[in-house]
Amino acid sequence: MKRVADVVIVGGGMVGALTAVALAETGFEVALVEHARPKNFEIDQPYDLRVSALSVASVQMLDALSVWPLITAMRACPFRRMAVWDGATGTETHFNSADIGHSQLGFIVENRLIQLGLWQVLETAAQVQLHCPAHIEHFSARRDGIEVVLDTGETIEASLLIAADGANSSVRDLAGIACDGEAYGQHALVASVRTTIDQQDITWQRFLPAGPQAFLPLVGNRASLVWYESAAVIDELKQLPLQELQSRFEEEFPTRLGGLQQIEAVGSFPIRWGQAQRYIDDRLALVGDAAHSVHPLAGQGVNMGMLDASALVQVLVEGRRKGQDAGSQRVLRRYERWRKSENGLVIKALDTTHRIFEPGAAGKRMVRNVALAGAASVSPLNRFLMKVAMGLVGDVPTLAHGVIPGKTS
Ligand SMILES: Cc1cc2nc3c(=O)[nH]c(=O)nc-3n(C[C@H](O)[C@H](O)[C@H](O)COP(=O)(O)OP(=O)(O)OC[C@H]3O[C@@H](n4cnc5c(N)ncnc54)[C@H](O)[C@@H]3O)c2cc1C
């Protein structure tokens, strides 16, 4: 069967679904292709393992698209403060949203609930065709459009294909776009826990030579703990019975963690950075992890992807106003120039942060101390870094300020 749309998006994760909602909101006909719909929410469900620190910019995008109230009606935990310190020297820096007149620095939310909130809007949007469960078999770009063939036997004709199918993007591979990048010698052990300390509004991170240890607050006395270590150590930790793993967290994590009542779920993820050599091809654009992946130590991955989505939608809306074809290189190059350079800076900054905490040259300790002391609370650098973490620095798309492209605020 043949279907027609303005844009086909492959991948309905957090970034692909946000792209679809924003495009539908700005009047584009969208076909979204996804393997699996996110599971519905129930109030007594245990917390998912995968959570993200959403920046203020990402929250403003979701709010402008009427998705944020659906997410907060499920569960989301605001954080107002961040503490970061060097485990080797004890030099510590604090960030507090009140210092820059904001009520929070961001929210910790389960990935599935971000995706689900977006899907709840997509499922009622007249301009959206959902192809789920489905995946892409192949596509071919022509001068006047692109044809996307699905495993369901359907073919979709469109002006543009957007790949939002994650770090192992099959669309990127089918297009023959190579990636730069490398695996860090670290894995992340993530645990969803109940703490003995009640509701917290702070995220903290202690840097050790083997990797950081982090605390992300969730609603009530729940939290997500992240422990970066070598693959061998993470493997060994994952084999432990939960009671023993709990004791290891209590022994090895900073005392400010307090005690743990229970570990509810645990899993691990390899860590790498990567960036596609091109974000665009004939009638194709990459967004989110399909275009780049970063060390999660600063919680930037999905926030960068949401900025890609908003920038691409803005460029497409501007192109339409000028009568330009959505899949033309003229339009797509604007997107690539904008986001590839911004993402390149973030990838470099996170890679440098990772490397200055690695064991090695004595000079690294001095650099760390100067950086952490320079960012001490009340300094201009401290305020600037908070705005960076909130996603409000750089060439920010209008949607990140809560304004849907093509509409006035
Ligand atoms: C330990 C860890 C902690 C993290 N913490 C944070 C954080 O705090 N803040 C933050 O911003 N980021 C964080 N990240 C990064 C974040 O998880 C990713 O950047 C984000 O998930 C990328 O979203 P995406 O939608 O681009 O890709 P994905 O989440 O990978 O979604 C891709 C979607 O495409 C679908 N798909 C794939 N292939 C096909 C196909 N062929 N056909 C149809 N559908 C397909 C998949 O089913 C999926 O739904 C973290 C990452 C890790 C590993």
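In this chain, numbering begins with 1 at the start of the sequence shown. Just so we're clear, the structure is a prediction, and the values are computed from it rather than from any experiment. Just follow the structure's listing: the first ligand is 1, and inside any ligand the first atom is 1.
Inclusion of Val190 in the set of residues having an N or O under 3.5 Å from an N or O of ligand 1 is not warranted. Any N or O atom pair closer than 3.5 Å counts here, and Gly299 shares at least one such pair with ligand 1. For ligand 1, the polar-atom distance check against Val15 finds a nitrogen or oxygen pair separated by under 3.5 Å. For ligand 1, the polar-atom distance check against Val10 finds no nitrogen or oxygen pair separated by under 3.5 Å. For ligand 1, the polar-atom distance check finds an N/O of Gly301 within less than 3.5 Å of one of the ligand's N/O atoms.
Counting only heavy atoms of the protein, atom 26 (O) of ligand 1 lies nearest to Asp289 N, 3.0 Å. Nearest protein heavy-atom neighbour of atom 21 (O) of ligand 1: Met14 CE, 3.4 Å. When only non-hydrogen protein atoms are considered, atom 12 (N) of ligand 1 lies nearest to Val302 N, 3.1 Å.
Every atom of ligand 1 is numbered from 1 in the order shown, and the set under 4.0 Å from a heavy atom of Val33 is 43 (C), 44 (N).
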Pair up each side-chain donor or acceptor in residues 13-20 with any protein partner under 3.5 Å, not counting sequence neighbours, and list the distances.
residue, atom, partner, partner atom, Å
Thr19, OG1, Val15, O, 2.7

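Within the 4.0 Å heavy-atom criterion, the part of Ala134 lying near ligand 1 is the backbone and not the side chain. Contacts between Pro296 and ligand 1, counted as non-hydrogen atom pairs separated by less than 4.0 Å, involve the side chain only. Proximity of Arg50 to ligand 1, defined as any heavy-atom pair under 4.0 Å, is confined to the side chain (atoms from C-beta onward). The part of Ser170 lying near ligand 1 is the side chain, judged by heavy-atom distances below 4.0 Å. The proximity of Ala36 to ligand 1, defined as any non-hydrogen pair under 4.0 Å, does not occur for either the backbone or the side chain.
For the pair Arg320 and Phe28, the cation-pi criterion (under 6.0 Å, within 45° of the ring axis) is fulfilled. A cation-pi arrangement is absent between Arg75 and Phe41, since the terminal nitrogen or guanidinium carbon is not both under 6.0 Å from the aromatic centre and inside a 45° cone about the axis.
Between the side chain of Gln115 and the main chain of Gly12, a donor-acceptor pair closer than 3.5 Å is present. Side chain of Glu336 to main chain of Arg278: no donor-acceptor pair is present (N/O by atom type, distance under 3.5 Å, no hydrogens or angles).
With a 6.0 Å radius and a threshold of 12 heavy atoms from other residues, nucleotides or ligands, Asn168 has its CG atom at or below the threshold.
His131 pairs by the ring-ring contact (aromatic ring centres under 6.0 Å, His included) definition with nothing, not counting sequence neighbours.
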